[in-house]
Amino acid sequence: MTASPWTDDRIDRLKTLWREGRTAEAISLDLGSGISRNAVLGKVHRLGLSAGGHGATPVIKTPVSKRSTRSAPKPTAEPPCPAPVEHPGFDVPAEGLTTILSVRRLECRWPYGEPEDHDFRLCGRRVERGAFCGAHAGIGYRPPPGGPQALMALAGLA
DNA sequence: CCCTGATTCGC
DNA sequence: GCGAATCAGG
């Protein structure tokens with residue numbers, strides 16, 4: 001008997017689903033036979049799928065480079081969020097994005113490019129607030145100038 | 001506090 | 001090699 005639940009079929013399924021961007025829990029539920037979320041994660045890491053490919057949570061370790069004692073980083077520090085448009089081929093990751101049709105729950109719907117464009121993609125990162133990831137929610141849910149009263153006026157509740 | 005993946009630890 | 005526990009990030 002194969003003491004190891006990871007048969008070739010399971011591993012193949014694991015690779016496919018993980019590559020598809022499914023969460024570890026989703027994969028564990030899909031396999032469903034004594035395979036828990038941690039088991040999936042452990043196997044994934046052992047296979048080396050988590051490294052080299054894409055990850056929902058890319059743990060980028062900052063090598064804590066020691067800057068000079070005197071340094072003025074950036075007074076006008078823009079948020080590390082890619083602009084929705086205006087920068088073609090600059091900050092738009094060619095991979096890792098999802099489409100309007102393949103976007104699933106908990107995936108950021110921040111638009112890249114124009115909706116009418118065939119190259120239209122969505123952020124695809126795990127949503128943090130509402131329909132966007134934490135970074136994009138900060139932009140998308142920014143209250144317009146004028147305060148809540150302006151919104152009420154727009155809603156016809158004024 | 002919830003979720004996620006990544007890593008560590010014991011078997 | 002296996003999974004649970006634990007860690008860390010968002």
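Atom set for the values below is all heavy atoms of this structure, side chains included, hydrogens, waters and symmetry mates excluded. Note on naming: letters A, B, ... go to the chains in the order of the sequence lines (proteins, then strands), and numbering restarts at 1 for each one. These numbers come from a predicted model, not from an experiment.
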Under 4.0 Å from OP1 or OP2 of dG3(C): is there any side-chain N or O of Trp6(A) that close? yes
salt_bridge(Arg22(A), Asp30(A)) N-O dist < 4.0 Å: no
With sequence neighbours excluded, what pairs up with Arg37(A) under the side-chain hydrogen bond (donor to acceptor under 3.5 Å, both in side chains) test? none
Selection from dG5(B), dA5(C), dT4(B) that lies nearest to any side-chain heavy atom of Ala24(A): dG5(B)
Could you check how far CD1 of Ile27(A) sits from P of dC3(B), rounded to whole Å? 17 Å
Between Leu17(A) (CG) and dG5(B) (C1'), how many Å, whole number? 16 Å
Of Val40(A) and Arg37(A), the one whose closest nucleotide on DNA chain C sits nearer the 5' end is Val40(A)
Considering only dC2(C), dG3(C), dG5(B), which nucleotide approaches the side chain of Ala39(A) most closely? dG3(C)
Find the distance Glu25(A):CD to dA6(B):P and express it as a whole number of Å. 15 Å
Among the candidates dG3(C), dA6(B), dT4(B), find the nucleotide nearest to the side-chain atoms of Arg46(A). dG3(C)
Distance check needed: dG10(C) C1' versus Trp110(A) CH2, whole Å only. 18 Å
Taken to the nearest whole Å, CG/Leu14(A) to P/dG5(B) is 12 Å
Taking only side-chain nitrogens and oxygens of Ser36(A), does any of them come within less than 4.0 Å of OP1 or OP2 of dA4(C)? yes
Write down the distance between CG (Asn38(A)) and P (dC9(B)), rounded to a whole number of angstrom. 15 Å
Of all the choices, dG3(C), dT4(B), dG5(B), which nucleotide is nearest to the side chain of Leu41(A) once you look at every atom? dG5(B)
Answer yes or no: does a side-chain N or O of Lys43(A) lie under 4.0 Å from OP1 or OP2 of dG3(C)? no
